[in-house]
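Encoded as structure tokens, the structure appears first; notes follow it.
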Amino acid sequence: MNNPTHFRKLITLFVFCYFLQNCCIAQSADASLPQLGKDPIGKIIAAMTLEEKAKLLVGAGRGFGPPPAPRTPGKADSPSRPPAPAGPMIGNTEQKVPGAAGNTYAIPRLGIPSIVVSDGPAGVRISPIRKGDSSKTYYATAFPVGTLLASSWDVDLVKKVGEAFGYEVHEYGVDILLGPGMNIHRNPLGGRNFEYYSEDPLVTGRMAAAMVGGIQSNGVGTSIKHFVANNQETHRNSVNTIVSERAMREIYLRGFEIAVKESQPWTVMTSYNKLNGTYTSERTDLLSTILRKEWGFKGFVMTDWGGGKDPVAQMNAGNDLIMPGNPAQAQAIIDAVNNKSLDEKVLDANVAHVLNIIVQSPSFKKYKYSDAPDLKKDAAISRMAAAEGMVLLKNTGNVLPLNGIKMAALFGNTAYDIIAGGTGSGDVNKAYTISLAKGLQNAGLQVNEALLNAYPAYIANAKSKRPKPRNFFERQPPVPEMDLAGMNVDQQAADADIAIITLGRNAGEGADRKLDSDYYLTPAEKSMIKKVSDAFHAKGKKLVVVLNIGGVIEVASWRDEADAILLAWQPGLEAGNAITDVLSGKVDASGKLATTFPMDYKDVPSAKNFPGKEFLDQATGEGFRRQVPAEVTYEDGIYVGYRYYNTFKVDPAYEFGYGLSYTTFKYSDFKMGSPVFKGMMGAMVTVTNTGTVAGKEVVQLYLSAPAAKLDKPAIELKGFAKTRLLQPGESQTLIFEIDPGDLASYDPQQEAWVAESGSYTVSIGASSKDIRQTGKFTLAKDLVVEKDEKALTPQVSIGELKR
Ligand code: BGC
């Protein structure tokens, strides 16, 4: 066994036998047996053994490579032996789509194929290179991150991105894309905020619905995640999130509800955390009552990878599929049926949910995927979408767009080493990333050569000294900003026409962000801004700051030193080209914030309880398996984001809905259907481009409801629309509809959505603070809009924030 050639031969033989066996199984499909797709699902289920049912409901294990070499009885595994597989090997993703996140168990005798699922929200996450296949690469397009897409406020655009994205999913042989991610930005430090859309549930829900619709139009599925109240990464597998029923219904569930009702995602992924004491994947009220019964969800529910504890509770709750799956979980289900602690009918229902989706999948339809999507076409879509979601935060004296600028001095590491997207499962294996330096050069601008030479060398050197990450979740520390002492900044200011500083931030799965040197700037960044600002301003030249970030950072303390600030987010693989499109004015800056930039972290309503308490003395397990019990109480209740800032009159640095354009817009002719609400209310407003260049405007409709019985936020977003590209002088009339649900708040006492009688104010704004038109209507009598079942009740009282 020590002879490697012998060992390789044995593996080859074993793999061969394995394929042979599978072929035989496939060919042995007995014509007298019911077949998926030909016979009713009920008949298929009736023909399944208990073991088959259990295995179908437990994933086939993550890509663990070929089957292991046989063990020698009585001998320990040799170190060169491949690891024992964590699950049954049939249909392992490595056989079909290397690098995919998982797959289901195949039952060839009944015509049930294995289906493949893959991350993640910003592009198909698969291995770019395959073993034994050096002739080809399998890169995917990195689209802009979710937060950028939401900042476009353009659902048609997001749908278009989804269409391109789903096309790659399909062409790479994947059946279900594990996204979009759609948790609420509860706190700026959330490590995965970049994957998510917004602090507001309406924006979140509509963006997710558009993305799901776009992806699924290709005949592949999605998995909206992480359901639900998974708003932090700290202790994500063990944290107990304590939230009121009202905050759950109005803030944390609402986006999922919109996405389910508007777009019927094929699947929903439950989150890792507990919710009010029970893992989300084990909550019947969440998965069966709310998701299926109240919202009409038709697909299947899967766990997050390794989420939850008790497979039987998961089955009972309606968490149909356990991912990535291991044999012990299937065995626990079989045992529970055999000892009568689990009704086999529960399995039958779950199997039906899974089969109803499998039968629609490309794998079932034997789609001949090309493994060669047209990535050039998708890169163009990624670039276009990226530019649409960038937010111009500041533009004193119309520094931007860059007019008459020949040479720019580029400071900041990420101008040369740009961040396309975040880390973890949300990362994409892309073929390239265009830096800002390259993007500007592509557009014909000169980039100061001294800096162009110094930065890449400095970055490469610093990176070579960093410790290698020990595991998937460990992030390498960012390269600190270069000390500019040796760079003669005065000379750069003399040589270049303008300075552009890029500040970068990265984060991702497994950890939340820190305040020091992440939310707040590092000392080196502050000194860079000061030095460059002083040197360029002394010569009458301007400073533009580009923010290449995935989540909110502190801006108030340094923004005065910059003439313009462009929030470019993490814009995908065409980053530098897309940023240049906006800096140059080729594309109007038309994005607006879907998440607030506060003056300071202490102003954040969840600052006091994020990421909550940890109970270190109760920790269990070692290394990777270490779990620390933790809990976080959402005392901020419904007051998340602008709902808090506007109600409690706390001024943010840049408010929700804010963003400048290269042109200006006038709002006029605001009309409402009637002064009295009669089941539906129409509102319209005309937007005119009053500036000198073409542009698009995002218009927001907020509602203020009477608060006689229930506490209400000062305003809540109830509608939004983006104009088409308006030429100077051109107008467009936008129409909004307000339905009874928009008037209602969730009353936990009545377990119902209730609209209170009284006077409602409609505010049409260019942001949550820049209200341009208002109108009023009245509701004559209290209205119970929807009665729900009691669900998700907290087990402790929550000292919730009240007005
Ligand atoms: C992440 C999910 C992801 C899954 C599969 C988990 O760790 O939380 O978002 O889809 O892994 O890779």
Side-chain angles (χ1 to χ4, degrees), residues 58-64 86-87 92-94 97-104 115-127 140 145-147 165 169 172 174-184 190-197 208 211-212 215 220-239 241 256 265-274 279-281 299-308 319 321-326 421-429 469 471-475 507-512 550 624-625 627:
V58 173
R62 201 165 177 148
F64 290 98
N92 195 302
T93 66
E94 291 303 310
V97 189
N103 67 319
T104 61
I115 57 168
V116 178
V117 303
S118 176
D119 284 307
V124 198
R125 183 177 163 77
I126 57 172
S127 298
V145 297
T147 310
F165 193 163
V169 172
Y172 274 133
V174 172
D175 296 285
I176 295 174
L177 188 275
L178 301 175
M182 50 179 305
N183 295 97
I184 291 290
R192 293 182 82 170
N193 280 359
F194 72 96
E195 293 185 58
Y196 308 147
Y197 293 113
M211 181 58 85
V212 167
I215 293 175
V220 295
T222 53
S223 193
I224 55 173
K225 67 188 189 186
H226 307 87
F227 193 56
V228 61
N230 179 185
N231 310 95
Q232 66 184 56
E233 288 300 286
T234 308
H235 303 311
R236 65 176 180 161
N237 298 83
S238 57
V239 68
T241 308
F256 285 96
W266 284 15
T267 78
V268 170
M269 185 191 293
T270 45
S271 53
Y272 282 127
N273 54 289
K274 290 178 186 164
Y279 284 110
T280 53
S281 60
F300 71 79
V301 178
M302 71 174 93
T303 61
D304 197 345
W305 268 227
N319 192 115
L321 176 66
I322 299 175
M323 289 302 278
N326 67 52
T423 63
S425 60
D427 193 9
V428 185
N429 294 311
N471 59 54
F472 175 71
F473 297 109
E474 195 169 86
R475 277 198 306 276
E509 196 177 344
D512 289 312
F624 241 138
R625 301 196 187 282
Q627 286 226 342

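All residue numbers in this chain count up from 1 along the given sequence. Whatever order the structure lists ligands and atoms in, that order sets their numbers, starting from 1.
- N319 places a side-chain N or O within 3.5 Å of a backbone atom of L321 that can act as its donor or acceptor partner.
- Judged purely by atom type and a 3.5 angstrom limit, N183 uses its side chain to pair as donor or acceptor with the backbone of H226.
- Looking at N231, its side chain does come within 3.5 Å of a backbone N or O of I184 through a donor-acceptor pair.
- Close contacts between ligand 1 and A101 involve ligand atoms 5 (C), 12 (O) [criterion: under 4.0 Å to a heavy atom].
- Between the T104 side chain and the I115 main chain, a donor and an acceptor come within less than 3.5 Å of each other.
- At a heavy-atom distance under 4.0 Å, only side-chain atoms of R236, from C-beta outward, approach ligand 1.
- Proximity annotation for atom 4 (C) of ligand 1: of D304, N237, N230, V117, D304 comes nearest, heavy atoms only.
- A donor-acceptor contact under 3.5 angstrom links the side chains of T280 and S271, judged on distance only.
- When all heavy atoms are compared, the tightest approach of R125 to S118 is O-OG, 3.0 Å.
- Near H226, the atoms of ligand 1 lying under 4.0 angstrom from a non-hydrogen atom of the residue are 2 (C), 8 (O), 9 (O).
- Selection from D119, L177, L178, T303 by nearest heavy atom to atom 3 (C) of ligand 1 gives D119.
- Using a 3.5 Å distance cut-off with no hydrogens or angles, the side chains of D512 and T234 do pair a donor with an acceptor.
- Counting heavy atoms closer than 4.0 Å to ligand 1, residue R192 contributes side-chain atoms (C-beta onward) but none from N, CA, C or O.
- Close N/O approach between E509 and ligand 1 is found [any backbone or side-chain N/O within under 3.5 Å].
- Under 4.0 angstrom from ligand 1, the non-hydrogen atoms of K225 all belong to its side chain.
- Those atoms of ligand 1 with a heavy atom of W305 less than 4.0 angstrom away are 4 (C), 5 (C), 11 (O).
- Within the 4.0 Å heavy-atom shell around ligand 1 one does not find M323.
- Within ligand 1, counting atoms from 1 as listed, the ones closer than 4.0 Å to a heavy atom of S425 are 1 (C), 2 (C), 3 (C), 9 (O), 12 (O).
- L178 and M269 get closest at one heavy-atom pair: CD2-CE, 3.9 Å.
- In this structure, M269 is part of the shell of residues with a heavy atom less than 4.0 angstrom from ligand 1.
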